[in-house]
Amino acid sequence: MRNKNKKIWYKTWWVWVIAIVIAMTSTVSAKSYHDYLVSENSNSETLSASSTNTNSTDTTSDTETESTDDYDEESSDSDTIEIGSTDVDISDSQEYSTDYSDNSWAGTTVKIDKVTVYKTDGEYADKDDDSKGKLNGIVKVHFIIQPSRDISIYPTQATLNTDDGQQIDADTYDSDDFDGDVNKGTDAEGNAVFQLPQLESASSLKNIRLKFDADYDTDDYDDDNDFHTYDVSIDLAN
């Protein structure tokens with residue numbers, strides 16, 4: 001005779017509670033293990049990328065250093081002067097010291113203490129101004145201007161004549177910015193630059209002549225000294 005009070009196992013509530021608990025525990029454990037694997041993989045990739053970047057940075061740094069060293073070495077091997085937007089290679093240069101000084105006008109002392117002649121290494125043309133023609137040499141004249149009153153003076157607009165028959169206007173753009181309006185008590189100095197279409201050598205010029213203007217403002221209509229033209233000859237042979 002069967003016992004009618006005995007329940008079938010899957011109809012017992014606590015069996016299902018235990019089954020649910022086991023299933024939830026397994027799910028949580030599986031998810032935790034999956035997260036752990038993802039985290040480990042991510043850390044491994046990060047370390048690998050960091051190592052690669054470090055090596056790349058070191059290589060780039062070494063390359064840049066080598067490139068800079070090469071540039072400096074090449075620059076030191078050649079003499080150049082910038083005229084307009086062109087780097088002009090210089091094959092030879094000659095510097096002349098002069099003692100020229102003129103204080104005959106308006107209490108102003110104009111000195112020229114140095115003339116430098118450059119022979120270019122080849123023939124150049126200013127790529128920004130075709131009207132300037134060819135360039136075979138450069139003359140730089142160093143001025144010192146000391147006025148005792150407010151004046152205007154323009155050596156960077158001078159005309160240069162050479163003993164080999166050339167007449168050249170100053171290259172105002174490449175000359176230093178030192179002239180124009182110069183006030184009393186100022187020591188203004190700088191270079192006026194001239195581009196020579198022809199030059200045999202840096203030492204071939206024996207004499208140069210410079211002409212440039214100066215003036216000052218005055219209310220005296222009888223003052224005939226307010227305008228002046230400098231006419232300078234400098235012997236380079238000595």
Side-chain angles (χ1 to χ4, degrees), residues 81-86 88 90 93-120 124-199 205-218 223-236:
I81 184 170
E82 185 174 348
I83 297 296
S85 58
T86 303
V88 177
I90 301 301
S93 64
Q94 185 73 40
E95 184 176 294
Y96 301 90
S97 297
T98 80
D99 57 0
Y100 174 84
S101 181
D102 185 330
N103 59 2
S104 63
W105 176 74
T108 297
T109 300
V110 174
K111 297 178 182 179
I112 297 175
D113 63 345
K114 182 170 61 177
V115 176
T116 308
V117 181
Y118 301 90
K119 178 68 176 77
T120 63
Y124 290 83
D126 193 319
K127 58 189 175 185
D128 288 341
D129 189 353
D130 292 336
S131 66
K132 289 186 177 180
K134 301 301 181 181
L135 169 64
N136 276 301
I138 299 163
V139 174
K140 288 172 63 174
V141 182
H142 187 261
F143 287 84
I144 302 171
I145 301 170
Q146 301 168 315
S148 62
R149 65 179 297 164
D150 295 352
I151 64 168
S152 297
I153 190 167
Y154 306 98
T156 63
Q157 298 179 24
T159 299
L160 171 72
N161 288 91
T162 63
D163 61 291
D164 61 358
Q166 299 182 78
Q167 179 170 311
I168 306 102
D169 291 332
D171 179 2
T172 303
Y173 179 81
D174 292 303
S175 298
D176 295 334
D177 184 12
F178 68 96
D179 60 349
D181 294 333
V182 182
N183 293 335
K184 173 183 177 181
T186 302
D187 287 345
E189 63 178 287
N191 290 299
V193 175
F194 303 84
Q195 299 185 27
L196 302 183
Q198 302 171 5
L199 185 66
L205 297 183
K206 305 305 179 185
N207 183 275
I208 61 172
R209 179 188 180 191
L210 297 159
K211 291 183 71 174
F212 56 95
D213 295 329
D215 62 81
Y216 58 80
D217 291 331
T218 180
D223 186 355
D224 296 329
N225 199 42
D226 61 333
F227 184 85
H228 182 70
T229 297
Y230 283 91
D231 192 340
V232 180
S233 291
I234 297 178
D235 188 1
L236 303 179

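Source: prediction; values computed, not measured. Heads up: numbering here begins at 1 and tracks the sequence.
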Inset, instruction - Given side chain to side chain contact (heavy atoms under 4.5 Å, CB included), test Leu196 with Leu205 step by step and report yes or no. - result: CA-CA 11 Å; Leu196 302 183; Leu205 297 183; 4.0 Å; yes

Inset, instruction - Give the intermediate values and the outcome of side chain to side chain contact (heavy atoms under 4.5 Å, CB included) for residues Asp176 and Thr156. - result: CA-CA 8 Å; Asp176 295 334; Thr156 63; over 6 Å; no

Legend entry - More than 12 heavy atoms from other groups under 6.0 Å of CG on Asp223: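 Yes, CG of Asp223 has more than 12 neighbouring heavy atoms, counting only those of other groups under 6.0 Å.
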
Inset, instruction - Give a yes or no on this: more than 12 heavy atoms of other residues, nucleotides or ligands lie within 6.0 Å of atom CG of Asp177. - result: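 Check fails, neighbour count at 12 or below.
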
Legend entry - Gln146/Lys111 under side chain to side chain contact (heavy atoms under 4.5 Å, CB included): CA gap, chis, key distance, verdict: CA-CA 8 Å; Gln146 301 168 315; Lys111 297 178 182 179; 3.8 Å; yes

Legend entry - Gln198 versus Asn136, side-chain donor and acceptor atoms under 3.5 Å: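 Per modelled atom types, Asn136 and Gln198 side chains form no pair under 3.5 Å.
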
If you measure from [atom1] on [X] to [atom2] on [Y], what distance do you get to the nearest 0.5 Å?
X: Leu135; Y: Leu199; atom1: CG; atom2: CG; answer: 9.5 Å
X: Ile234; Y: Leu160; atom1: CD1; atom2: CG; answer: 9.5 Å
X: Thr108; Y: Arg149; atom1: OG1; atom2: CZ; answer: 8.5 Å

Inset, instruction - Please list, chain by chain and in numerical order, all residues satisfying side-chain contact (heavy atoms from CB on, under 4.5 Å) with Ala170, sequence neighbours excluded. - result: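 With neighbours one apart ignored, the set is Phe194.
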
Legend entry - Ring-ring centroid check Tyr230 Phe212, cutoff 6.0 Å: yes

Legend entry - Candidates Asp181, Asp213, Asp179, Asp217 - the one meeting side chain to side chain donor-acceptor pair (under 3.5 Å) with Ser152: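 By the side chain to side chain donor-acceptor pair (under 3.5 Å) criterion, Ser152 pairs with just one of Asp181, Asp213, Asp179, Asp217: Asp181.
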
Legend entry - Student check: side-chain heavy atoms of Ile145 and Pro155 closer than 4.5 Å: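 Yes - at least one pair of side-chain heavy atoms lies under 4.5 Å apart.
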
Inset, instruction - Evaluate the criterion side chain to side chain contact (heavy atoms under 4.5 Å, CB included) for residue pair Val232 and Asp102; output intermediate values, then yes/no. - result: CA-CA 9 Å; Val232 180; Asp102 185 330; 5.9 Å; no

